[in-house]
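To keep things clear, I will list the structure first and then write my remarks on it.
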Amino acid sequence: MNRKMPVIIWGATGFTGGELLRIIARHPYMEVAGAVSRSKAGTPIGAIHPHLRFAYQDVNFISPEEGGKIDAGLVFLALPHKAAAETAKKRLSTGQKVVDLSADFRLRDHEQYKRWYETEHPCPELLEGAVYGLPELHRQEMASAKLISGVGCNATSAIFALLPLAKAGIIENARIECRVGSSEGGAEAKEGSSHSLRSRSLRVVSPFLHRHMAEVIQELALPEENISMTVTAVELVRGIQCIAHVTLNRTLREADIWKLFRAQWSNEPFVSVSPAKPAHFRIPDPRFVLGSNRVLTGFALAEDGRRVIAASAIDNLLKGAAGSAVQSANIMCGAEETAGLEMMPLYPA
Amino acid sequence: MNRKMPVIIWGATGFTGGELLRIIARHPYMEVAGAVSRSKAGTPIGAIHPHLRFAYQDVNFISPEEGGKIDAGLVFLALPHKAAAETAKKRLSTGQKVVDLSADFRLRDHEQYKRWYETEHPCPELLEGAVYGLPELHRQEMASAKLISGVGCNATSAIFALLPLAKAGIIENARIECRVGSSEGGAEAKEGSSHSLRSRSLRVVSPFLHRHMAEVIQELALPEENISMTVTAVELVRGIQCIAHVTLNRTLREADIWKLFRAQWSNEPFVSVSPAKPAHFRIPDPRFVLGSNRVLTGFALAEDGRRVIAASAIDNLLKGAAGSAVQSANIMCGAEETAGLEMMPLYPA
Amino acid sequence: MTATCTVCEAQVDLPNNCCEGELLICGDCGTELEVIALDPITVEEAPQVQEDWGE
């Protein structure tokens, strides 16, 4: 791969679109051949993403029509649900590979899509060939895929917290708690997202159900009645801390769980298991992965050997969205998985 | 440069030490051969810098005695004032090149050092050969230097705000204001730095005088009586916004000042001049350079053609400390100046 | 020579001239271990002064 591969980003004005522009500006094998935005066509990228002005000097957003004409083997879709599926269908029909950051191709069962996203899936026939966008779970299928889905950021954090225990079939039930930053809400101004109303809040946005649960149920094969997902908006812009209050279906020793975590994560390029000591670092804090594609995961076992806190920390715009998307695209295009994704966490910040 | 050059960091437990470890972990030509800390020798680096644990697995801090024995051509000193000078003297005597992040070699005149830092300079004979650590001002001398000083973070922001106007000799006076983050205070717990007391504060820590002024006076050749430096601690961890309220000694048009800014900065790899429009981006905000070695600078001219706001925004731990140190080291070792320093700004964050 | 970490049962390498009372850090779980005996090799979790980062 000497010349860089041209890629196009559809929906490049949002936070995940901006994050894709940011990553690809420093990617060794990819370069942005077009940043599509219906509403902002003709506007300089730096006017919407001021931190990127220097890296996209004299580059404007382009219209979907212009975007459709550019010869690029890979497209990233950072579009709202439903619009993404329709665009994906067109792009695939022209032979382009697609990484879609929306929810449209995450759920294999279009009935579940209808239930959680309250709308008919526009092209259920594409679901069969789509691969769920988490490389740590599906890197083999990704290598030959044409369509890779996005990942829900809350779902991603829950999967990284629970996977070793779920795979061992030892979860009786789990009360999953995600503490999240404001950037999850996206760039558009919404009523509750004004700084005065959002800052310093501890806003429980979903007591039991969150649509990202559907991905946790699907990917971890956990029965829905055994889990719940509570999401609390906290004083963060980026970052998710997932704390799952798990009850095991048997009694285990701490070392048994360490073995499960080690076996699952020791060879993963982006995942680290938090140390047991010092104790205040045991349950992962997203501060320590801010700005990186890294995942911290860890656990604590109660004296009774049955109650566990299984936890994870990610940057929701990176590992929870654009980072996993580029990681998946690397695999799909035969590049090494970590290409362009080795930024170091920024701390303190 | 195929094999990476071993470097040693003295004082590696503080925020700037951690930032050096963080940058060099991804530097194409340098690698850390030793992280020296008298107090934490034998402790894993990840126990002090949790965000770096994955990058320095099984690596501990070493004692000054061990550090002194390692064969490395370059050392970074992130030590308190005075201790830095003594260590620099020893290191230089063994033939090592030194980039010292402390204030000990910033001021050419040891009388000024005594005035602002209230202590005798331990080795004034070294001041002659030291180069002030801002590449944008001294890259030629750096190429052949053996000892390069650090830069005061507030001084750096003021220099980037004022340089074009100072060089043109058109500053009558300047009331320099720096709005700063908490990480300037360093890692040690101090009374005023506990979160409850520091968060949400607008704490004017120095109404008129700040010791970083000495560098501004020296590097911009501005008479002391014509400037003042007010530092306000604001709700930031990283970041400095410098706003200099300048009165010109003549009347100018906006275009005249654009020419000065363009001439000064257009070929600098890390500096961008903020656009005039949209207006809310005209005066630089450190949010747009967070986590990068970049500088944003800009200005606004009042109707009267004499009053100017000249401004800049930097990340105090990067361009204001460790970033400029690595940039200077790149030049001193004959590598390209931007090596290992092209991280993209993290926004929103 | 290796010892088994008492917390996570990872194998911890002992430095060759290791002596009783020596402190080791388990690379996997970060626990500080104290060498109690060399024959057979036994280690225990070393009492660690817990910095107070609590609220």
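Just so we're on the same page: letters track the sequence lines, and every chain starts at 1. Just so it is clear, the model here is predicted, and its values are computed rather than measured.
Heavy atoms closer than 4.5 Å to chain C are found in the side chain of A:F281, but not in its backbone. For A:R282, no part sits under 4.5 Å from any heavy atom of chain C, backbone or side chain.
Per-residue counts of heavy-atom pairs under 4.5 Å with chain A were compared for C:C8, C:C5, C:G30; the largest is that of C:C8. Among the candidates A:G298, A:A255, A:P275, A:S272, the residue making the largest number of heavy-atom pairs closer than 4.5 Å to chain C is A:A255.
Contact of the A:E254 side chain with the C:C29 side chain is not registered, since no non-hydrogen atoms from C-beta on lie closer than 4.5 Å. Proximity of A:K277 to C:E32: side-chain heavy atoms (C-beta onward) are nowhere separated by under 4.5 Å.
With A:R253 contributing its side chain and C:V7 its backbone, the two residues share no donor-acceptor pair below 3.5 Å.
The 12-atom threshold is not exceeded at CZ of A:R307, counting heavy atoms of other residues, nucleotides or ligands nearer than 6.0 Å. For CD of C:E44, the number of neighbouring non-hydrogen atoms (other residues, nucleotides, ligands) closer than 6.0 Å is 12 at most.
Taken from CH2 in A:W258 to OG1 in C:T31, the straight-line distance is 7.0 Å, to the nearest 0.5 Å.
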